[in-house]
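Below you'll find the structure, written out as structure tokens, and then a few comments.
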Amino acid sequence: MNYNKLAELLFPQITKAPQDYESIYPPRSLPEGARVTRLGPSPTGFIHLGNLYGAFVDERLARQSGGIFYLRIEDTDDKRYVEGAVETIITALDFFGIDFDEGASLDGSRGDYGPYYQSQRGEIYQCYVKELVSKGLAYPCFLTEDEIAKIRKAQEENKENPGIYGSYAACRDLSLEEVQQNIDAGKSYVIRLRSGGNQDPEKARTISVGDGIRGTLSMPENYQDVVILKATGIPTYHFAHVVDDHLMRTTHVVRGEEWISSLPIHVELFEKLGFEMPVFCHTAQLMKLDNGNKRKLSKRKDPELSLDYYRQEGYMPEAVREYLLTILNSNYEEWRQANPDADAEEFPFQTEKMSNSGALFDLDKLNDVSKDVLVKIPASRLCQFMKDWAKEFMPDILPLFEGHEDYIEKILDLGRSGKKPRKDLVCGKQIFGFIRYFFDDHFEIEDEYPQNAAADAKEILTRYLDTYAHSDDQSQWFDKIRAIAEDLNYAARPKDYKKNPDQYKGHVGDVSTIIRIAVMGRSQSPDIWEIQQILGEERTRQRISAQIG
RNA sequence: GGCCCUAUGGUCAAGCGGUCAAGACACCGCCCUUUCACGGCGGUAACCCGGGUUCGAUUCCCGGUAGGGUCACCA
């Protein structure tokens with residue numbers, strides 16, 4: 001068999017040789033130790049938390065080493081293509097602070113290692129396929145779907161592994177003439193790898209691959225004659241991955257653990273092509289607890305998997321980032337405690353510190369992290385964020401914020417100063433619920449007066465209103481409440497009440513709860529005096545009067 | 001079914017042959033306090049099972065079990 005002739009027969013249009021591409025895409029000149037990573041989404045338009053998780057790893061690896069992080073669109077399957085998906089991906093990632101140094105972007109592509117859309121790299125792949133064919137390492141296969149199905153059936157009956165390999169690889173040794181005849185007959189064909197692996201597990205070589213996260217992975221070598229070029233002339237993922245990551249000079253391939261099982265294929269491809277392998281980092285799947293069982297997060301059932309969910313709820317990107325970092329590296333929280341004010345970028349991220357078991361997504365934890373993050377963000381930025389969020393997801397309330405920035409900022413800053421700032425802001429939705437009573441249209445009485453004091457409510461509020469002086473400082477103000485409490489036989493200090501509960505109707509806390517409900521509509525809130533200062537005298541008096549009736 | 005990955009409290013997760021088995025979230029209690037939150041203190045709660053190796057295994061090996069992944073001209 002003359003493989004050169006076969007290659008020429010199959011790919012007459014390919015005139016370039018691998019060497020040409022080697023010089024078009026030379027090794028990158030980057031500082032020692034710089035890492036080149038990539039994100040390779042297929043343009044389905046759906047980007048989820050898992051993608052973001054992986055993207056962070058890529059981004060950290062590259063940026064921390066002074067390397068390159070690029071975006072490559074893996075659109076080798078036109079059936080999956082969704083209009084506008086690339087924009088969606090870039091925008092969603094950008095919202096969470098992920099951007100690229102190179103590759104596909106909103107306005108075309110940038111970088112010297114393109115094209116960055118696999119669909120535009122046909123010639124490149126075919127060149128390497130041709131190379132493989134000419135070396136007898138790949139061959140055209142004319143098996144039809146039906147024939148393959150039959151083979152599979154027979155294999156199942158014989159309890160053999162399914163697939164095209166060994167004696168099942170019917171087209172492995174077709175002569176040049178047979179190939180020619182098939183082509184002339186208009187038969188469609190794919191190109192398969194002529195695997196050198198042994199299907200007998202006893203005789204198979206064991207391959208060991210170092211993984212950036214998991215140490216060493218070892219498994220039997222590949223023996224399947226996998227498809228590398230589809231009938232359309234477009235490569236499969238396996239082949240595109242190997243060629244692209246070599247030519248784009250990727251040093252670290254971060255991908256989900258579902259790829260581990262096809263690693264042997266990739267290893268064989270890298271070897272046959274004579275490429276150096278990148279370092280693989282197989283990340284664990286994000287899981288979720290469902291009826292007591294861990295399971296993979298699914299886009300159908302789990303809204304929190306979608307990145308949109310966090311935007312809709314109004315989580316700030318840095319909060320999500322911070323949370324992701326805590327599950328990304330086990331020592332992150334420790335580092336954060338030691339460096340409370342440091343930029344997250346400064347954290348020395350290590351793939352070795354990544355968990356290799358599936359982490360359960362924990363909303364409670366996210367909320368907690370978010371509180372800690374938001375407490376450090378200035379009110380002006382929070383206000384801006386709330387406006388942006390409302391504009392997109394709750395346009396009805398936007399007018400409450402716009403043009404009232406000073407008011408909003410005061411509200412957001414309530415109790416946030418001092419040594420022990422309040423941490424009650426989590427996300428947009430929650431924040432609005434938390435501060436709703438500051439807006440008359442959204443103010444309503446939500447809670448009931450405490451039972452022991454309800455009877456005195458009107459009396460308390462009347463006296464409160466009568467003695468109210470907006471200019472009182474906090475202690476003057478509270479002294480008046482104490483006075484009211486004492487007059488009405490409530491203990492001025494809770495401790496007195498605790499000692500002699502029978503002597504009083506309640507304590508000053510009950511009195512202020514009445515006031516709190518009248519002014520805020522709820523029994524729980526930050527400091528009443530501060531709120532009244534923000535609300536203003538008129539509005540405060542109005543609300544109290546309204547409850548006196 | 002074959003191959004592979006994983007296995008410490010409810011969750012995340014330190015540990016890497018000898019520890020009273022860290023820490024965080026959640027939960028509970030107490031303190032602080034005019035409510036809530038914050039903060040402080042304390043508490044409940046864990047090494048999947050069975051064999052080895054070893055003076056000694058959560059840690060190493062083997063075998064189960066459980067969960068997950070993968071076996072496409074999808075990525």
Side-chain angles (χ1 to χ4, degrees), chain A residues 40-44 74-77 79-80 118 141 143 145 148 152 156 159-163 188-192 201 204 211 214 217-220 224 226-232 234-238 240-241 255-264 282 284-285 287 289 292-296 326-327 330-334 336-337 353 355-369 371 375 414-416 418-425 434 447 450 478 481-482 485 490 492-495 507-513 515-517 520 522-529:
Chain A
S42 68
T44 57
E74 312 214 330
D75 52 354
T76 53
D77 182 13
K79 287 188 284 296
R80 290 170 69 128
Q118 290 184 330
C141 171
L143 254 24
E145 257 179 73
I148 293 174
R152 168 179 297 268
E156 273 167 20
K159 299 209 166 151
E160 288 178 300
N161 292 329
S188 83
Y189 62 93
V190 299
I191 305 292
R192 288 184 184 274
D211 185 286
R214 293 159 193 267
L217 296 171
S218 52
M219 54 195 85
Q224 297 259 357
V226 292
V227 173
I228 55 177
L229 202 65
K230 305 183 213 176
T232 52
I234 295 171
T236 55
Y237 167 84
H238 308 299
H241 148 57
R255 45 150 62 153
E257 63 183 338
E258 69 270 22
W259 289 108
I260 292 178
S261 42
S262 40
L263 195 52
H282 289 101
Q285 298 279 359
M287 310 289 277
L289 204 60
N293 293 319
K294 262 189 178 187
R295 60 148 235 264
K296 194 178 160 182
T326 67
I327 56 176
S330 53
N331 54 334
Y332 181 77
E333 285 190 86
E334 200 179 307
R336 175 51 83 197
Q337 268 186 346
K353 290 283 184 185
S355 169
N356 39 15
S357 61
L360 225 43
F361 179 76
D362 187 346
L363 200 61
D364 279 330
K365 185 81 178 182
L366 200 218
N367 288 340
D368 182 68
V369 169
K371 283 182 187 175
V375 78
L414 251 181
R416 295 213 310 160
K419 197 82 186 122
K420 293 187 296 185
R422 300 182 65 91
K423 294 180 184 174
D424 26 30
L425 308 181
F434 189 69
D447 291 332
F478 195 61
I481 292 180
R482 281 220 163 96
Y490 291 81
R493 293 169 199 287
K495 274 180 182 159
H507 62 78
V508 66
D510 297 315
V511 175
S512 42
T513 297
I515 297 166
R516 193 183 301 275
I517 290 173
M520 272 72 88
R522 47 179 83 164
S523 60
Q524 298 172 357
S525 80
D527 187 76
I528 299 175
W529 181 82

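Every chain is numbered from 1 and lettered A, B, ... according to where its sequence line falls, protein lines coming before strand lines.
Between the side chain of A:R516 and the backbone N or O of A:P526, at least one donor-acceptor pair lies under 3.5 Å.
Base contact: A:V190 has a heavy atom under 4.0 Å from a base atom. Among the atoms of the strands shown, none is found under 4.0 Å from any heavy atom of A:S188. Residue-level contact check: A:I191 touches neither bases nor backbone, having no heavy atom under 4.0 Å from any strand. No engagement by A:I148 is indicated, since no non-hydrogen atom pair under 4.0 Å with the nucleic acid exists. Looking at heavy-atom distances under 4.0 Å, A:R214 makes contact with sugar-phosphate atoms alone, never a base.
Classification of the A:Y237-A:W259 ring pair by plane angle, with boundaries at 30° and 60°, yields parallel.
You'll find that the side chain of A:T236 is closest to B:C73, out of B:C73, B:C3, B:A13. Across B:C5, B:A75, B:A24, the shortest atom-to-atom separation from the side chain of A:K230 is found for B:A75. Listed candidates were B:A75, B:G68, B:C73. Nearest to the side chain of A:R192 is B:C73. Of the listed nucleotides (B:C5, B:A13, B:C4), B:C4 has the atom at the smallest distance from the side chain of A:M219. Checking B:A75, B:C25, B:A24 against the side-chain heavy atoms of A:D362 singles out B:C25 as nearest. Closest to the A:E74 side chain, of the nucleotides B:A75, B:A26, B:G23, is B:A75. Among the nucleotides B:A75, B:C71, B:C3, the one closest to any side-chain atom of A:P162 is B:C71. Nearest to the side chain of A:K353, among B:G15, B:A75, B:C73, sits B:G15.
Rounded to a whole Å, the CG atom of A:N331 is 10 Å from the C1' atom of B:A14. Residue A:R336 contributes atom CZ, which lies 19 Å from atom P of B:A13 at whole-angstrom precision. Rounding to whole angstrom units, CD1 of residue A:I260 and P of B:G68 are separated by 16 Å. Distance A:I234 CD1 to B:C73 C1': 10 Å, rounded to the nearest Å. One can place CG of A:L366 at 12 Å from P of B:A26, the figure rounded to the nearest angstrom. Distance CG (A:N161) to P (B:A72): 11 Å, rounded to an integer number of Å. Protein atom NZ of A:K79 is 10 Å distant from nucleotide atom C1' of B:A72, rounded to whole Å. Distance, A:L263 CG to B:G69 P: 18 Å, rounded to whole Å.
Each of A:D368 and A:E334 was assigned the nucleotide of RNA chain B with the nearest heavy atom; the assignment lying further toward the 5' end belongs to A:E334.
Interatomic distance, A:M219 CE to A:I260 CD1, rounded to the nearest 0.5 Å: 6.5 Å. To the nearest 0.5 Å, the span separating CD1 on A:I481 from CH2 on A:W529 amounts to 12.0 Å. Put simply, CG on A:N367 and NZ on A:K423 are 14.0 Å apart, with the number rounded to the nearest 0.5 Å. Note that CZ of A:R152 and CD of A:E145 are 11.5 Å apart. Values are rounded to the nearest 0.5 Å. Atoms CG and NZ, on A:D77 and A:K230 in that order, are 5.0 Å from each other to the nearest 0.5 Å. To the nearest 0.5 angstrom, A:T513 atom OG1 is 7.5 Å from A:H507 atom NE2.
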Seminar exercise, completed: Counting primed atoms, P, OP1 and OP2 as sugar-phosphate and everything else as base, the B/S/- map of nucleotides 34-39 of chain B against protein heavy atoms under 4.0 Å is BBBBBS

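Remark: the separation of the C1' atoms in B:A7 and B:G15 is 15 Å, to the nearest Å. B:A13 and B:A22 have their C1' atoms separated by 10 Å, given to the nearest Å. Using atom C1' as the reference point in both B:G23 and B:G9, the two lie 13 Å apart (nearest Å). Atom C1' of B:G56 sits at a distance of 14 Å from the matching atom of B:U19, rounded to the whole Å. Comparing the P positions of B:U8 and B:U59 gives a spacing of 12 Å, expressed to the nearest Å. Rounded to a whole angstrom, the distance from the C1' atom of B:A24 to that of B:A14 is 11 Å. Between the C1' atoms of B:C47 and B:U6, the separation comes to 15 Å (whole Å). Comparing the same atom, C1', in B:C25 and in B:C20 gives a spacing of 24 Å after rounding to whole Å.
Listed here is the closest heavy atom pair of A:E257 and A:H282: CA-CB, 4.2 Å. Shortest non-hydrogen contact noted between A:S512 and A:I528 is O-CD1, 3.5 Å. The shortest non-hydrogen separation linking A:P450 to A:I517 is CD-CD1, 4.4 Å.
Distances shorter than 4.0 Å separate none of the side-chain N or O atoms of A:S261 from OP1 or OP2 on B:C3.
With sequence neighbours left out, the salt bridge (Lys or Arg N to Asp or Glu O under 4.0 Å) criterion links A:D75 to no other residue.
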Exercise. Based on Watson-Crick and G-U pairs with both distances under 3.5 Å, what dot-bracket line describes RNA chain B 5' to 3', crossing pairs as [ ] and inter-strand pairs as |?
Worked result: ((((((((.[[[..)..(....]]].(((((.......)))))....[[[[[..)....]]]]])))))))....

